[in-house]
Engineer: 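The structure is given below, and queries will be raised subsequently.
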Amino acid sequence: MKTLKLHNKDIYRGSLILVNKQYPIRMNIPAQNLASINGEKNSILMETRVKTILKQCMDALFCTKQIVAVSGFRSLHEQKEIYENSLMENGKEFTEKFVALPNHSEHQTGLAIDLAENRPNIDFIRPYFPYKGICQKFREKSPLFGFIERYQKSKEKITGISHEPWHFRYVGFPHSTIMTEKKLSLEEYVELLKQYPYKKQPLIYPLENCTVEISYVKAAACNETTIDIPNNTTYQISGNNMDGFIVTTWRNKSE
């Protein structure tokens with residue numbers, strides 16, 4: 001058995017952190033962890049690993065010329081500028097629907113991307129990404145690569161953001177497929193996982209050659225939380241940006 005020690009600051013990082021009006025960004029992504037989507041200087045950035053996975057998804061669909069990135073990582077300064085410009089140009093009602101407050105935007109995590117169908121005059125705030133053609137094929141394929149359509153229709157009261165067909169968020173596989181299959185927002189999913197405490201009752205997600213177990217660990221009152229992981233087990237741990245951690249383990253079906 002391997003013992004892991006997690007500090008409270010680890011609550012605020014990982015692919016499953018919840019960022020919204022209630023839960024702001026607490027830790028900034030280091031610049032060295034960002035990479036250009038197309039390799040060009042001053043182009044759109046994402047977290048390096050997520051950028052690679054996004055490319056793999058788009059390559060699998062042969063859609064790199066049909067779908068373009070509109071907005072990826074934003075610094076706090078950029079998010080403030082976008083928010084203030086939208087207030088002046090579009091008004092408060094529009095801005096509150098479609099632009100997150102500074103330090104409450106997923107774009108500041110490096111895990112989110114706005115995409116558009118490649119056509120003239122792309123709207124930066126509301127790019128066109130329809131439920132048909134190659135855009136719909138991307139929407140259907142992307143959960144296999146760890147992405148979700150973050151702001152779904154009918155979830156506005158939960159997410160605090162209007163329906164955004166163009167905004168995709170990396171949460172990792174198989175969380176992405178579970179959320180898609182169950183039609184859950186990220187808010188609903190992280191709350192659901194609290195029903196599955198680590199080492200007691202994990203959420204089981206069967207795959208062809210292995211079984212994925214997903215569990216929640218509440219952060220200890222002190223600054224350190226201890227988690228025991230079986231030896232030779234593939235695992236991932238993410239904070240939820242709220243009060244604890246989500247542990248994902250992959251087990252061979254022979255175990």
Side-chain angles (χ1 to χ4, degrees), residues 4-59 64 67-87 95 98-116 122 124-125 127 142 145-151 161 164 166-173 175-176 186 190 219 223-225 235-242 244-246 248:
L4 304 177
K5 294 181 179 180
L6 303 174
H7 298 280
N8 281 358
K9 64 182 181 181
D10 295 318
I11 294 171
Y12 308 119
R13 58 187 170 196
S15 58
L16 284 163
I17 56 171
L18 174 64
V19 175
N20 59 19
K21 289 181 179 178
Q22 287 73 42
Y23 298 100
I25 292 169
R26 302 291 183 89
M27 296 187 71
N28 294 320
I29 182 170
Q32 62 266 29
N33 291 357
L34 295 168
S36 166
I37 286 180
N38 58 16
E40 296 178 3
K41 188 177 181 181
N42 299 324
S43 68
I44 294 169
L45 303 174
M46 288 192 80
E47 194 274 330
T48 302
R49 180 175 56 96
V50 177
K51 182 268 298 188
T52 300
I53 297 171
L54 176 65
K55 184 179 185 301
Q56 291 171 348
C57 181
M58 295 185 75
D59 286 347
T64 54
I67 294 175
V68 295
V70 178
S71 182
F73 168 77
R74 300 172 189 165
S75 66
L76 173 59
H77 174 75
E78 289 170 323
Q79 188 64 27
K80 283 180 178 178
E81 191 172 57
I82 291 167
Y83 190 86
E84 291 167 2
N85 286 344
S86 182
L87 282 175
T95 301
F98 294 106
V99 184
L101 287 162
N103 271 344
H104 294 262
S105 171
E106 287 195 331
H107 284 284
Q108 291 177 241
T109 68
L111 301 171
I113 188 76
D114 290 347
L115 300 173
I122 294 173
F124 180 78
I125 299 295
S142 61
F145 290 83
F147 290 89
I148 58 169
E149 182 183 313
R150 176 68 173 93
Y151 302 116
I161 295 288
E164 293 191 355
W166 56 84
H167 182 104
F168 291 85
R169 159 70 191 271
Y170 181 80
V171 294
F173 179 88
H175 308 286
S176 49
L186 183 54
V190 295
N223 191 42
E224 191 172 87
T225 301
Y235 67 91
Q236 289 180 350
I237 298 175
S238 172
N240 62 10
N241 203 39
M242 301 165 65
F245 308 93
I246 296 164
T248 308

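Computed from heavy atoms alone, side chains included, the values below leave out hydrogens, waters and symmetry copies. Quick caveat, the model's predicted, so the values are computed rather than measured.
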Engineer: Using a 3.5 Å distance criterion without hydrogens, assess whether the side chain of Asn241 forms a donor-acceptor pair with backbone atoms of Pro24.
Structural biologist: yes

Engineer: Taking all non-hydrogen atoms of both residues, which atom of Asn8 and which atom of Ala219 are closest, and how far apart?
Structural biologist: OD1-CB, 4.3 Å

Engineer: When rounded to the nearest 0.5 angstrom, what is the spacing between CH2 in Trp166 and OG in Ser71?
Structural biologist: 12.0 Å

Engineer: Find the distance between CD1 (Ile122) and CG (Asp114) and round it off to the nearest 0.5 Å.
Structural biologist: 11.5 Å

Engineer: Taking salt bridge (charged side-chain N to carboxylate O under 4.0 Å, His left out) as the test, write out the residues that go with Lys55, two or more places apart.
Structural biologist: Asp59

Engineer: For the residue pair Glu78 / His107, report whether a side-chain donor-acceptor contact shorter than 3.5 Å exists.
Structural biologist: no

Engineer: Which atom names give the shortest non-hydrogen contact between Leu6 and Ile237, and what distance separates them?
Structural biologist: CD1-CG2, 3.9 Å

Engineer: Do you know which two heavy atoms are closest between Thr95 and Tyr83, and how far apart they sit?
Structural biologist: CG2-CE1, 3.5 Å

Engineer: Rounded at 0.5 Å granularity, tell me how far CE in Met58 sits from CG in Leu115.
Structural biologist: 6.0 Å

Engineer: Nearest 0.5 Å, please: how far is CZ in Phe73 from CD1 in Ile113?
Structural biologist: 12.5 Å

Engineer: For a ring-ring contact (aromatic ring centres under 6.0 Å, His included) with Phe147, tell me which candidate from Phe173, Phe168, Tyr170 qualifies.
Structural biologist: Tyr170

Engineer: Which distance, rounded to the nearest 0.5 Å, do you find between the CD of Gln236 and the NE2 of His175?
Structural biologist: 6.5 Å

Engineer: What are the two closest non-hydrogen atoms of Arg150 and Leu18, and how far apart are they?
Structural biologist: NH2-CD1, 3.5 Å

Engineer: In terms of side-chain heavy atoms, does Gln108 have a donor or acceptor partner in Asn28 at a distance below 3.5 Å?
Structural biologist: no

Engineer: Return yes if some donor-acceptor pair links the side-chain N/O of Asn85 with the main-chain N/O of Ile82 below 3.5 Å, else return no.
Structural biologist: no

Engineer: Is it true that a side-chain atom of Thr48 and a backbone atom of Asn33 form a donor plus acceptor pair closer than 3.5 Å?
Structural biologist: yes

Engineer: Going by distance alone, is a donor N or O of one side chain under 3.5 Å from an acceptor N or O of the other, for Ser15 and Ser238?
Structural biologist: no

Engineer: Looking at CD1 of Ile148 and CZ of Arg169, how far apart are the two atoms once the value is rounded to the nearest 0.5 Å?
Structural biologist: 7.0 Å

Engineer: Minimum heavy-atom separation for Gln79 and Pro102, please, with both atom names.
Structural biologist: CG-CA, 3.7 Å

Engineer: Taking the side chain as every heavy atom from C-beta outward, state whether Ile11 and Phe245 have any atom pair closer than 4.5 Å.
Structural biologist: yes

Engineer: Given 3.5 Å as the limit, does a donor-acceptor pair link the side chain of Glu47 with the main chain of Arg49, or not?
Structural biologist: yes

Engineer: Could you tell me which non-hydrogen atom of Ala112 sits nearest to which non-hydrogen atom of Met46, and how far apart they are?
Structural biologist: O-CE, 3.8 Å

